[in-house]
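Taking it in order: structure first as structure tokens, then the write-up.
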Amino acid sequence: MEETRLEAERRAKVARLRSAGKEPYPWSFAGRVPSSAVRSAAAALGPGESDPKRAFRVAGRLKAFREHGKTAFADLEDADGSLQLLLRADLVGEEEYRAWLADLDPGDILGADGVAAVSRRGEPSLEVRSLTLLAKAVSPPPEKYHGLQDVEERIRSRYLDLMSSPETRQRFRARAALLGEIRRYFDAAGFTEVETPVLLPVASGAAAAPFVTRSHYLDEDVRLRIALELPLKRLLVGGLEKVYELGRSFRNEDLDSTHSPEFTELEAYWAYADYHDMRRFTEGLFERLAARAVDLLPESPAARQGAEAFRTPFPTVDFVDELEKRMGVRDLLAKGRDELRELAREAGSTVPDRSSTGTFLDKLFEHYVEPTFDRVTFVVDHPAVTTPLAKRHRSKPGRVERFEVFYPGYELGNAYTELNDADEQEQRFREQLGERGDDVYAYDADFVRALRYGLPPCTGIGLGVDRLVMALTGTASIKDVILFPLVRSR
RNA sequence: GGGCCCGUAGCUCAGGCCGGUAGAGCAGGCGGCUCUUAACCGCAAGGUCAGGGGUUCGAAUCCCCUCGGGCCCGCCA
């Protein structure tokens with residue numbers, strides 16, 4: 001990019017510093033403490049006081065300057081927050097003082113040595129004895145008050161968004177803490193965290209277009225995973241019994257407020273348990289995450305409101321019963337494809353005529369039932385035609401043992417009592433292939449082979465972690481919980 | 001894929017309907033100020049109005065195309 005006038009001015013300062021024998025990019029700054037240490041020490045002082053015995057070294061980014069002739073204030077921000085620096089010509093010498101003001105700019109990374117103090121107006125401060133430039137910022141930071149507003153720029157230049165928005169930093173710290181909480185919950189329940197391949201010969205376990213790339217070593221195309229399901233179930237065949245993976249999946253599709261081409265999934269599989277067990281386990285997880293989210297973001301009304309939707313117990317609705325109730329029809333599952341297609345058309349769906357009955361039922365559910373959710377809700381016992389990897393329901397004909405968990409506006413997760421009959425699995429895969437007539441739902445022959453060796457009765461769940469973080473932090477767009485969402489290159 | 005909206009100084013935004021020398025604040029430069037915290041006061045500077053084409057005596061403004069982005073709808077379980 002072309003150098004701007006402001007950058008040229010800052011580069012001139014770099015040159016000036018170097019010619020004065022000062023290194024604008026020194027190697028280290030040993031012994032610095034977090035800014036909170038100075039604030040704590042200053043808490044014991046009254047307005048206008050300083051304590052020469054409490055010396056500190058801090059470092060951070062210079063956010064703002066307020067000059068008053070022979071006194072100046074500066075705000076230095078580190079990971080702990082913002083600290084005011086108090087600069088006085090009479091304490092450091094006028095020549096030194098003038099040189100600092102001339103060479104420093106907002107955005108510079110700065111080290112400061114000084115003593116704890118409180119300004120006359122009561123602001124905890126570091127009364128500076130010495131300043132050290134640690135890294136000159138050649139480009140100016142975003143505007144100090146409004147920060148970076150342009151949505152595109154906040155995503156493309158996330159470092160500038162983070163630099164200028166404490167809320168953004170807070171949100172991503174909360175995300176990390178929530179992921180930690182998820183891990184602790186599964187670990188405490190005896191699950192083993194595993195890592196399965198991202199690169200696979202066949203992308204299966206969900207219906208989605210994969211990203212395809214090339215292995216030079218194998219001289220074969222490989223695909224990025226679209227789900228974690230099938231490798232994890234193989235681990236249960238191998239005897240691991242309780243496993244989970246927290247990792248990235250990739251679907252070659254659009255990015256919108258609830259979809260990202262690369263997204264973080266949590267999948268867990270649990271032998272000798274069924275979907276009722278998983279539902280209770282999930283409710284326990286969500287309850288704990290919601291409590292944690294409120295602790296993490298005490299200042300955020302949006303987070304509090306988000307967490308409010310996670311009040312337990314979560315209501316549970318039967319997919320078919322609820323849909324029939326909302327539509328005012330009976331015996332929905334007895335209806336043929338043509339009739340379901342017409343009903344879906346009436347509901348405004350434009351899915352292709354060749355779509356499966358399961359697709360039409362899903363569309364009807366999306367239209368008549370999903371908008372009625374005003375809090376986290378379980379939907380259970382879906383029609384078998386919608387689901388190729390779930391075990392048929394033990395007592396409801398034409399259904400599978402499945403639940404989905406919804407937050408108002410989007411799906412958070414999907415769980416089954418897993419299908420473990422190898423022959424039935426093979427047949428369902430083949431039906432799915434025939435019905436769709438495309439390669440979207442890839443047939444994983446080795447997975448069927450693994451099932452033949454015996455998969456214990458089990459339950460499994462997949463959770464959309466980005467969406468979970470959105471819900472718990474009260475964030476409206478998935479782009480605001482992913483640090484670097486995919487954007488067109490420019 | 002369809003509809004609506006946005007793109008003006010490094011950043012935050014006016015101006016656009018109704019065409020007539022492109023404005024402010026922050027940041028930066030120069031000067032002033034020993035308690036400010038979006039500090040303040042004065043002076044000067046800073047522009048490919050996303051890009052291209054058209055209409056016009058004259059286009060940031062009206063029209064068309066392209067690029068990038070946002071929102072809604074559709075599709076993608």
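All chains are named by letter (A, B, ...) in the order of the sequence lines, taking the proteins before the strands, and each is independently numbered beginning at 1.
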Original post:
What is the base-pairing partner of rC4(B), counting Watson-Crick and G-U wobble geometry with both distances under 3.5 Å?
Top reply: rG70(B)
Original post:
Of the nucleotides rG29(B), rG25(B), rC35(B), which has the atom closest to the E143(A) side chain?
Top reply: rG25(B)
Original post:
How long is the line joining OH of Y97(A) and C1' of rU34(B), in whole Å?
Top reply: 8 Å
Subject >> Rounded distance (Å) that lies between atom C1' of rA77(B) and atom CG of D254(A) >> reply: 15 Å
**OP:** Please identify each residue that fulfils side chain to side chain contact (heavy atoms under 4.5 Å, CB included) with V400(A), with sequence neighbours left out.
**Re:** H382(A), A384(A), T387(A), A390(A), R402(A), R428(A)
Original post:
Rounding to a whole Å, what distance do you find between E7(A):CD and rA9(B):P?
Top reply: 15 Å
**OP:** Name the residue closer to the 5' end of RNA chain B, choosing between R5(A) and L148(A) according to the nucleotide with the nearest heavy atom.
**Re:** L148(A)
**OP:** Round to the nearest Å and state the distance from H259(A) atom NE2 to rC75(B) atom C1'.
**Re:** 10 Å
**OP:** With sequence neighbours left out, write down each residue that passes salt bridge (Lys or Arg N to Asp or Glu O under 4.0 Å) with E322(A), or none if nothing qualifies.
**Re:** K325(A), R326(A)
**OP:** Please list, by residue number, the residues of residues 48-74 of chain A whose heavy atoms come closer than 4.0 Å to an atom of RNA chain B; answer none if no residue qualifies.
**Re:** R66(A), E67(A), H68(A), G69(A), K70(A), T71(A), F73(A)
Subject >> Nearest-Å distance for atom pair CG/C1', residues D90(A) and rC33(B) >> reply: 15 Å
Original post:
Quick one: salt bridge (charged side-chain N to carboxylate O under 4.0 Å, His left out) pairs with a partner in residues 258-269 of chain A, sequence neighbours left out?
Top reply: R248(A)-E262(A)
Subject >> Any pair counted as salt bridge (charged side-chain N to carboxylate O under 4.0 Å, His left out), so long as it reaches residues 34-54 of chain A, sequence neighbours left out >> reply: D51(A)-K53(A)
Original post:
R251(A): what forms a salt bridge (Lys or Arg N to Asp or Glu O under 4.0 Å) with it, not counting sequence neighbours?
Top reply: none
**OP:** Can you tell me which residue pairs pass the salt bridge (charged side-chain N to carboxylate O under 4.0 Å, His left out) test with a partner in residues 152-169 of chain A, sequence neighbours excluded?
**Re:** E77(A)-R169(A), E152(A)-R156(A), E152(A)-R490(A), E153(A)-R490(A), R154(A)-D161(A), R154(A)-D480(A), R158(A)-D161(A)
**OP:** Encode nucleotides 3-8 of chain B as B, S and - characters from 5' to 3', where the letter depends on protein heavy atoms closer than 4.0 Å: B to the base, S only to sugar-phosphate, - to neither.
**Re:** ------
Original post:
Can you tell me how far P in rC71(B) sits from the matching atom in rA77(B), rounded to whole Å?
Top reply: 22 Å
Subject >> Whole angstrom value for the distance that separates C1' of rU34(B) from CD of E127(A) >> reply: 12 Å
**OP:** Could you tell me which residues satisfy side chain to side chain contact (heavy atoms under 4.5 Å, CB included) with N420(A), sequence neighbours excluded, listed by chain and number?
**Re:** K391(A), L455(A), P457(A)
Subject >> Pairs satisfying salt bridge (charged side-chain N to carboxylate O under 4.0 Å, His left out), at least one member in residues 366-377 of chain A, at least two apart >> reply: K363(A)-E366(A)
Subject >> Distance test, side-chain N/O of T350(A) to OP1/OP2 of rC75(B), below 4.0 Å >> reply: yes
Original post:
If only side-chain N and O atoms of S349(A) are considered, is one of them under 4.0 Å from the OP1 or OP2 phosphate oxygen of rC75(B)?
Top reply: yes
Would you tabulate the nitrogen or oxygen pairs shorter than 3.5 Å linking the protein to nucleotides 66-69 of chain B?
from, atom 1, to, atom 2, distance (Å)
rG68(B), OP1, R488(A), NE, 3.2
rG68(B), O3', R156(A), NH2, 3.2
rG68(B), O2', E152(A), OE1, 3.2
rG68(B), O2', E152(A), OE2, 2.5
rG69(B), OP1, R488(A), N, 3.4
rG69(B), OP2, R488(A), NE, 3.3
rG69(B), O4', E152(A), OE1, 3.2

**OP:** Return the nearest nucleotide to the side chain of Q149(A); candidates are rA27(B), rU34(B), rC13(B).
**Re:** rC13(B)
Original post:
Which residues, if any, of residues 399-418 of chain A bring a heavy atom under 4.0 Å of RNA chain B?
Top reply: none
Original post:
If each of S125(A) and E253(A) is mapped to the nucleotide of RNA chain B with the nearest heavy atom, which maps nearer the 5' terminus, i.e. the 5' end?
Top reply: S125(A)
